[in-house]
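Beneath this line is the structure, given in structure tokens, with notes to follow.
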Amino acid sequence: MRICVVGTGYVGLVAGTCFAECGNDVVCVDVVPEKIQALERCEIPIYEPGLEELVRRNSEENRLSFTTDLKSAVVQSEICIIAVGTPMGLSGAADLSAVMAVAKSMAEAADGDKVVVIKSTVPVGTADRVRRVLEENTTHSMEVVSNPEFMKEGAAIEDFMKPDRVVIGGRSEEALGKLKELYAPLVRTENPILSMDNRSAEMTKYAANALLATRISFVNEVANLCEKVGADVGMVRRGIGHDRRIGHHFLFPGVGYGGSCFPKDVQAVISTAQDYQIDFTLLRAVEDVNDRQKRLLVGKVLEHFGGDVTGRRFAIWGLAFKPRTDDMREAPAVIIIERLLAAGAEIAVHDPEAMEEAKKVFGDRLTYSRTNYDALDRADALLVVTEWNEFRRPDFVRMKELLASPVVFDGRNIYEPSQMVEHGFTYYSVGRSAVKPD
Ligand SMILES: NC(=O)c1ccc[n+]([C@@H]2O[C@H](COP(=O)([O-])OP(=O)(O)OC[C@H]3O[C@@H](n4cnc5c(N)ncnc54)[C@H](O)[C@@H]3O)[C@@H](O)[C@H]2O)c1
């Protein structure tokens, strides 16, 4: 099939590349010429495991190309996918300006009938708005299919190539049939393609992210209570997770959720509810808990150092909002670092992939360490903020030698308290009692 994907960020680039990998002819479009030029050289602007190899192979085999020319991309395609960003607007609602602009350009460019697919995460009713814009700007038939994306950054290729389910929403059986054909190679293990109306498809995406965010805030609240009552949230998490009605996913306590999706999608649901005079109390609480959770680790740091960290030096391991990505959008690390800097601390950081992104955020306000051990040099404490695998089994003896005082604040519970005490560390984690050597 001939496809164009407009918006070459995480979602557009992964989707376009994976569709090319299935044998389709794909052209990816973006408004940023430098991004397109880099992609033409197979230089990937984001870190996503496995993506570079796929982009290279499919480009070399002429199934995948990149352009800034939306018109020519639309003319040569039967399916036109919108995958541009939908950031949080000032009111909390999703900003649809890029989606609507692309829809208009697609209509103006159309030289025949097309299927327009909305892959961006958009509020309920957006497909209807897009449909109106298309009708106003072309005489050709352009059916609108809502096809929300559920991939996770860091495992995006795997998620895209083996989706748990594919959701497609639309009015035209013919258009939905085209999407089923497109996705057929990805659902050979009988994972379902769920057809529904546009509004239900749009709502499904928000409901999924809102529920996942809710689980995270829930377990963070449980963790905070565990700390007070002397329970271990790790045990509690296992205890509830083995209940098949509950499961283990998204029940890891930590420093709060971040990233480009959960915070803005939770806000967007609250805002949509408000439009219909519904106060989504639960999601407002989910947000409040998350905001508080992002500040909790620094609270522990301040308490440990008697309320004053002026001139103290801290090492931070992990900057990305989660492992296996360089994405720092809404990352808890940003809040943690800003608060420590505001309190007068000096900070040395290390992240396996997000150092360049961090430089864009913090400039010369931090020391950027080449290795995680370099960051520890003369630090008064280490804060673990992102649970990269390479931080899980460190050389504790070396860590203790490098740190000015052996104190670890683990925002992701990647170490065992007993092991930390054994190595002589004072150790704080989330939802478990602090421990210190005798
Ligand atoms: N990142 C994720 O993990 C994820 C997962 C599921 C869904 N989503 C949703 O998918 C959408 C895209 O997310 P993303 O993370 O890929 O965003 P992104 O910010 O990484 O990429 C968006 C891209 O669109 C381009 N763009 C903006 N306006 C354009 C225009 N008028 N024409 C052409 N290109 C344009 C930008 O230059 C950028 O490259 C969002 O709605 C997001 O909520 C994201």
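As the structure is a prediction and not an experimental result, all values here were calculated from the model. All ligand and atom numbering here is 1-based and tracks the order in the structure.
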Does the Glu149 side chain pair with the main chain of Met151, one donor and one acceptor, at a distance under 3.5 Å?
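It does hold such a pair.
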Suppose the criterion is ring-ring contact (aromatic ring centres under 6.0 Å, His included): which pairs have a residue in residues 110-165, not counting sequence neighbours?
Phe19-Phe160
Residue pairs involving residues 104-117 (criterion side-chain hydrogen bond (donor to acceptor under 3.5 Å, both in side chains); sequence neighbours excluded)
Lys104-Glu108, Asp111-Lys114
Taking only residues at least two apart or on different chains, which pairs with a member in residues 270-282 satisfy side-chain hydrogen bond (donor to acceptor under 3.5 Å, both in side chains)?
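Sorted pair list: Asp279-Arg284.
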With a 4.0 Å cut-off, would you call Asp197 and Arg199 a salt bridge?
no
First-shell residues of ligand 1 [heavy atom, distance under 4.0 Å]:
Val6, Gly7, Thr8, Gly9, Tyr10, Val11, Asp30, Val31, Val32, Lys35, Ala83, Val84, Gly85, Thr86, Ala98, Val102, Ser120, Thr121, Glu149, Met151, Glu153, Lys205, Ser260, Cys261, Lys264, Arg329
More than 12 heavy atoms of other residues, nucleotides or ligands under 6.0 Å from NZ of Lys71: is that the case?
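It does not: Lys71 NZ has 12 such atoms or fewer within range.
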